[in-house]
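Only heavy atoms go into these numbers, but all of them, side chains included; no hydrogens, no water, no symmetry mates. When a ligand or atom number is given, it counts from 1 through the structure's own listing order.
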Amino acid sequence: MNQKTILVTGGSGFIGSNLIRRIINYTDYSVVNIDKLTYSGNPESLIDIEDHPGYTFIQADICDREAVRKVFSMYSPRYIMNLAAESHVDRSIDGPDAFIQTNINGTFILLSEAYDYFKMLSPEDKDLFRFLHVSTDEVYGSLGDTGYFTEETPYDPRSPYSASKASSDHLVNAWYHTYGLPVLITNCSNNYGPYQYPEKLIPVIILNALKHKSIPLYGKGDNIRDWLFVDDHARALLSVLEKGKPGETYNIGGNNEKTNLEIVHAICDLLDEMKPLAGKSYRELITFVTDRPGHDKRYAIDASKIRRELGFSPAYTFETGIRTTVEWYLNNNNWCTAVLSNKYQLERLGKL
Ligand code: NAD
């Protein structure tokens, strides 16, 4: 086994690219990134480290058993971090097939190939191997005005996306209990930050505002999410990988509950400061649109376990994280143009 090698799946996406950048820039590990490069996976997101000797990219589908097997045998990784997924709730409403295929079948292929690989390791290497599965707080369903998701909250997914992620979490747990594969699961709240594909709330707001287009807000804008800056998520994942106990789940959150309206206001106010419009505020672009079908009301994470047991807490507040994010989108118009050069043009999806 190569003790310094981490196999990351979905590393060309939003969280994966931020994670790989952190691993390459701040640790001694090398990374093998398997990514199919769907619409949301972009090599441009890793252009600054693509020539680093510790980085290898393989374009492959995690559902392709032969390809996955070959990667395990060629690179003999110590760790695998599974981030490859279809990730957008609105798209899962319009076309759930790809979500079932990648999120459920793909995770199954990875687990079974990881187990075949694991069985052949020496006892010492078996102790070091970990399979970290990256999941979402959406598996827990929706909260009312009070309460928090803990690691013990029963699963109650509501969208095709969250149901497919919940299924994959159950498979990962099954490989621990049935086969003894040393797995870890993380359930994280909403992420934001650089390199997020411009179909999710925060980049859509920023890019629409910069084009002086209306800023769409679902329903009354009163849905609540708990926001985490993406680099804090990457740090949390590394701490679970190195210090987490096999078979355990860790919730990751930012302690930043905000309504969607609060998010839009914060971004408009930053844009008013950084790129002011003559005689008006970006807030005037806000337009309320019909709500998403089955839109969960509130998500909030109790992240006390990861803080208590692994000593992890976020470094960014919402104010520092959102400022960094808005600045990044203002300075990286080329990336936005490149990733939007295919079909998707910021139009509304998942309306039924
Ligand atoms: P993303 O859509 O930006 O990236 C997903 C990546 O997976 C892309 O690079 C894509 O090309 C790749 N991919 C998709 N299908 C694949 C396949 N069959 N084989 C190989 N690669 C494939 O998503 P993200 O926001 O970076 O999310 C990454 C992971 O984190 C997902 O598992 C998601 O469920 C989870 N998560 C995301 C958030 C969030 O707020 N974004 C929060 C919690 C958990």
Nitrogen or oxygen of S40 less than 3.5 angstrom from that of ligand 1: yes
For atom 25 (O) of ligand 1, closest protein heavy-atom neighbour: F14 CD2, 3.7 Å
Any N/O pair T38/ligand 1 closer than 3.5 Å: yes
Sub-3.5 Å N/O-N/O distance, E86 and ligand 1: no
Test item: N33 side-chain N/O and G11 main-chain N/O as donor-acceptor pair under 3.5 Å: yes
Test of proximity, T136 against ligand 1: N or O pairs below 3.5 Å: no
Residue selection (non-hydrogen contact nearest atom 14 (C) of ligand 1) among S189, S164, A84, A85: A85
Contact check, G11 vs ligand 1, heavy-atom distance below 4.0 Å: no
Contact check, N190 vs ligand 1, heavy-atom distance below 4.0 Å: yes
Set of salt bridge (Lys or Arg N to Asp or Glu O under 4.0 Å) partners for D61, sequence neighbours left out: K36
Hydrophobic cluster of M120, others only, ordered by chain and residue number, side-chain cut-off 4.5 Å: none
Side chains of T259 and K220, donor plus acceptor under 3.5 Å: no
Atoms in ligand 1 with a heavy atom of G41 nearer than 4.0 Å: 8 (C), 9 (O), 11 (O)
Best match, S87, C63, S135: closest heavy atom to atom 2 (O) of ligand 1: S87
Whether Y161 lies under 4.0 Å from ligand 1, heavy atom: yes
H133: which of N82, N173, T107, N187 passes side-chain hydrogen bond (donor to acceptor under 3.5 Å, both in side chains): N82
The single option from F149, Y299, Y148 passing ring pair (Phe, Tyr, Trp, His ring centres under 6.0 Å) against Y140: F149
Residues R298, D226: salt bridge by 4.0 Å N-O rule: no
Option set K36, M81, Q59, criterion heavy-atom distance to atom 21 (N) of ligand 1, minimum: K36
Test item: side-chain donor near acceptor, R225 and Y192, under 3.5 Å: no
Whether N191 side chain and S189 backbone form a donor-acceptor pair below 3.5 Å: yes
Ligand 1 contact by S12, heavy-atom criterion under 4.0 angstrom: yes
